[in-house]
Amino acid sequence: MADLVQEEQKVLGIDETESEGNNNKRLHLEGQGEKDMQGNPIHRSSSRPQLDVSKAQIQSNVEDKYPTILLPNQSDDLSHLALDIGGSLIKLVYFSRHEGQSDDDKRKKSLKERLGLSNGNRRSFPILGGRLHFVKFETRKINECLDFIHSKQLHRGLESRYPDAAANENAIIKATGGGAYKYTDLFKERLGVSLDKEDEMNCLVSGANFLLKAIRHEAFTHMEGKKEFVQIDHNDLFPYLLVNVGSGVSMIKVDGDGKFERVSGTNVGGGTYWGLGRLLTKCKSFDELLELSQKGDNRAIDMLVGDIYGGLDYSKIGLSASTIASSFGKTVSEKKELENYRPEDISLSLLRMISYNIGQIAYLNALRFRLKRIFFGGFFIRGHAYTMDTLSFAVQYWSNGDAQAMFLRHEGFLGALGAFMSYEEHGLDDLMVHQLVERFPMGAPYTGGKIHGPPLGDLNEKISWMEKFLQMGTEITAPVPMTPAAGTTGLGGFEVPLSKGSALRSDASALNVGVLHLVPTLEVFPLLADPKLYEPNTIDLADPSELEYWLTILSEHLPDLVDTAVASEGGTDDAKRRGDAFARAFSAHLARLMEEPSAYGKLGLANLLEMREECLREFQFVDAYRSIKQRENEASLAVLPDLFVELDGMDEETRLLTLIEGVLAANIFDWGSRACVDLYHKGTIIEIYRMSRNKMRRPWRVDDFDVFKERLLGSGSKKKPPHRRALLFVDNSGADIVLGMLPLARELLRRGTEVVLVANSLPALNDVTAMELPDIVAEAAKHCDILRRAAEAGGLLVDAMINTDSSKENSTSVPLMVVENGCGSPCIDLRQVSSELAAAAKDADLIILEGMGRSLHTNLYAEFKCDALKLAMVKNQRLAEKLIKGNIYDCICKYQPSS
């Protein structure tokens, strides 16, 4: 069986090619004397290669209910599979490799030397990243699970290291749960592997600790159907109470990694609900019983306070009339038999009785040990909205609002993840949340709660199935991963219980969990004033009206984007087919978000825009605006020499104002804006630029130019020293970079300030990339000695460099450099930037954020340790009204001195 989802893309500069089985070539290097961050020797198990989970991160796309975890520092061949085999479900976590990018290019080497970057001293060979995938099967269909493992050769992790048969006979897979004992012979017979049993509770705690420390918004609350994601400070995580609700209930006090104890529990749990429910309602499955509860009315079964007091509250002791006085109490006084009660009412009464009791016992234990946080997990939860609501209500009620029940997005995989982590005992110490990225690739669409189709081997098969659904007249409503067989779940996916109607059941609020990508090269931007308080997104999509508006905007922009993407590939039949598939896939993402706004975790506008770019790359549109960018760059470079002559004839005060006006005017060129796309149809790039320049009349809507001018030029005879280094976060190709930001960079260089141009690692709309910038600079440098000398000093003009050392010695100019920002989106989250940007920032004392994506959609309210200038033209009327109480095409020049 081929990979369920094929991702032909690069994520943050890491090639996402997956190596499995015999394709794994790189061997683990023995005898390196590795040590942890405290200098202590790292213990390595002799039975398997070890997993390095330092700097792990979630990376998912709409395909997955359960996200994949990215392991950037993993570089060994390893046992990339672990299992949690329960009575009802088998949860499987497996690892896939990422090959690192080559650093052969001279510019990169020069930049690394100048910024003092290296591959780190932990290893003497290239670092590889990887992904953690989450898969689920029904235990009664264990043979399908075995077929899946065999087809992907997940049990062959040692063959590249020990090719002899004897070594393979000793191969082991980490496993937990009762089935690890029950099915050990079956795994040996079918796969030739032994199951290495890990303690169930230890795995549970290990998995929870990993997720709570590694995933930014892993935890969430759930009250009255509304989810709110919670950011847990991993330095303030412990102690907490972990309540695992399976057949029975275990309550575990967790004090740290490997430090926990079971402090309480109850025999009234999920098994009680399912057992009594089965006897009383004749339901055939646990999910059917849960589904019944959402249609129930427990007032027909339960005795309420109002039933005792004539419909009134018992206010003296604080009990409302709707409070349950006795579960099933009303049946005592009524002369009815079981068949006279609705199964739906029985199911809901049972659910509330058991959930309320679990919630009360959990809170009392938290009170007993003075624990601030209570996390619930286990088979009983199942992402079921009513279950989470009843547990939340119980904790809130008994604590008088002082405590909250919290849940985990990956809660069903805690045991399997913990077993997976047991391959490496020491990796969690350096785990960094900013190095996990979650992405949601598109899998098989589902309708009516059923998953259709066989596993998808490649992109062509994925598109074929989508076309087949369309031909059948079936709307693609939401994406999930493909499954090995109907009725089970595939890569990172989940099984949706059948509904009575043709639509997905209303409580299927189970969160989509994607693929977790571990990216070792990501860091927190060091110039943020307070990373803990930093929130990148300016627009809160938790507001339903905002979410609906932006989903509509993205949907309306889709036809133009598809046309552009198809044209970028020559308009071939294959490109048209992929374009249609992309449109359907991204529409499915939008439909899923409209149905369940929290489906993919906590999303801001930046996340939505990045999801669109990831979806384009998934259908192999690597750079949809390539030809447009090239054409606009050429047109702008043709008039650049005249602009330089014009600027050089001005005094410095007039020149600085003209430069800022030029940046704002050139920022109009944005293919992500509907209004700007319409302008493209009415004139050439130069005509639009001149029109925009002519409208640059102060005061702007946000106008701090005079304050910025005083800092840069001083006032009167009081001159101020130049900034040491400026980071210029650039936006669009064409006039924006060539006629706007490059002339501003030139002015800073003229004043003796080092300049670092910060651009996207991957294409997004018509944004310029770090790979494209050196060629643009080289062309501009032909007409400007300032740019030429600075580019040579910064290693951008590689052909003019005899060698890096002599270039450094002979250059009297401050350098002009280019770095990648670490992302492929029109926006930027400064909690996750490239290591080279983080290194460049350490000596910077000026940041210039340009464009709507980087200074308006994100970072408008961000505060920094150094001076910051935010420049943008607002190209959306709603944003203009909401953020600056202005109109479309109003400008922002926001200067913030260092905090």
Side-chain angles (χ1 to χ4, degrees), residues 36-38 53-58 69 201-202 204-223 227-244 251-264 362-377 391-392 395-396 399-411 414 417-418 421 426-438 516 518 522-526 528-537 601-602 829-832 862-863 865:
D36 65 16
M37 295 183 71
Q38 288 71 41
V53 297
S54 61
K55 302 187 177 180
Q57 154 184 347
I58 287 191
I69 298 175
M201 198 167 294
N202 188 64
L204 194 70
V205 172
S206 178
N209 286 346
F210 174 84
L211 292 168
L212 288 168
K213 291 196 294 183
I215 310 307
R216 183 164 277 114
H217 293 108
E218 172 67 23
F220 63 94
T221 60
H222 198 289
M223 285 293 289
K227 300 181 185 71
E228 287 191 8
F229 291 92
V230 180
Q231 175 58 48
I232 305 294
D233 181 356
H234 68 87
N235 293 316
D236 189 35
L237 172 59
F238 306 111
Y240 67 84
L241 187 70
L242 180 60
V243 182
N244 187 47
M251 300 190 184
I252 306 163
K253 177 175 173 280
V254 183
D255 293 302
D257 291 326
K259 300 175 183 177
F260 63 89
E261 63 173 320
R262 185 182 187 276
V263 294
S264 185
Y363 169 67
L364 291 175
N365 274 284
L367 191 65
R368 172 188 171 198
F369 293 102
R370 298 180 181 179
L371 304 177
K372 295 183 292 184
R373 299 186 180 93
I374 309 172
F375 297 102
F376 289 86
L391 287 168
S392 298
V395 171
Q396 184 188 53
S399 70
N400 290 320
D402 291 338
Q404 284 183 308
M406 287 190 279
F407 307 90
L408 304 178
R409 292 179 63 205
H410 292 79
E411 59 87 15
L414 298 186
L417 184 55
M421 303 303 291
H426 303 282
L428 286 176
D429 292 340
D430 1 335
L431 181 66
M432 297 292 181
V433 63
H434 56 267
Q435 292 171 318
L436 280 174
V437 179
E438 182 176 15
L516 291 181
L518 183 53
L522 291 182
E523 299 185 26
V524 177
F525 189 58
L528 287 173
D530 188 343
K532 291 182 181 179
L533 298 179
Y534 171 74
E535 168 54 51
N537 290 289
K602 184 177 181 180
D829 182 345
L830 293 173
R831 294 170 301 191
Q832 295 181 308
E863 296 184 357
K865 296 175 182 176

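This structure is a prediction, so every number in the text was calculated from the model and none was measured.
- Once rounded to the nearest 0.5 Å, the distance linking CZ of R262 with CD1 of I252 reads 8.0 Å.
- Partner K213 forms a salt bridge (Lys or Arg N to Asp or Glu O under 4.0 Å) with one of D233, D257, D236 and no other, that one being D257.
- The minimum heavy-atom distance linking A362 with F376 is given by the pair CB-CZ, 3.8 Å.
- A distance of 12.0 Å separates CG in L371 from CE in M251, rounded to the nearest 0.5 Å.
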* To do: Show your reasoning for whether side-chain contact (heavy atoms from CB on, under 4.5 Å) applies to R216 and Q832.
  => CA-CA 11 Å; R216 183 164 277 114; Q832 295 181 308; 4.2 Å; yes

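- In terms of modelled atom types and a separation under 3.5 Å, the side chain of Y534 and the main chain of L830 share a donor-acceptor contact.
- The OH atom of Y240 lies 10.0 Å from the CZ atom of F260; values are rounded to the nearest 0.5 Å.
- Shortest non-hydrogen contact noted between H222 and S392 is O-OG, 2.8 Å.
- Side chain of S206 to main chain of N202: no donor-acceptor pair is present (N/O by atom type, distance under 3.5 Å, no hydrogens or angles).
- Here the closest heavy-atom approach between residue G207 and residue L417 is recorded as O-CD2, 3.9 Å.
- Side-chain N or O atoms of Q396 include none that pairs as donor or acceptor with a backbone N or O of Q404 at under 3.5 Å.
- The two atoms that bring I374 and A366 nearest to each other are CD1-CB, 3.7 Å, heavy atoms only.
- Taking the six-membered ring for Trp and thresholds of 30 and 60 degrees, F220 and F407 have ring planes inclined between 30 and 60 degrees apart.
- What you find for F238 and D255 is that their closest heavy atoms are CB-O, 3.4 Å.
- Taking CG of N235 as the reference point, atom NZ of K532 lies at 5.5 Å (rounded to 0.5 Å).
- Shortest non-hydrogen contact noted between L528 and K865 is O-CE, 3.3 Å.
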* To do: Could you walk me through whether V263 and L241 pass the side-chain contact (heavy atoms from CB on, under 4.5 Å) test, one step at a time?
  => CA-CA 9 Å; V263 294; L241 187 70; 4.2 Å; yes

* To do: Tell me, with the steps shown, if F375 and E411 meet side-chain contact (heavy atoms from CB on, under 4.5 Å).
  => CA-CA 9 Å; F375 297 102; E411 59 87 15; over 6 Å; no

* To do: List the steps and the verdict of side-chain contact (heavy atoms from CB on, under 4.5 Å) for H217 and Q231.
  => CA-CA 5 Å; H217 293 108; Q231 175 58 48; 3.9 Å; yes

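- A distance-only check finds no donor-acceptor pair linking the side chain of K253 to the backbone of S264 [under 3.5 Å].
- Distance CG/L212 to CG/L237: 5.5 Å, rounded to 0.5 Å.
- If you take CG on N209 and NE2 on H234, they are separated by 12.5 Å, rounding to the nearest 0.5 Å.
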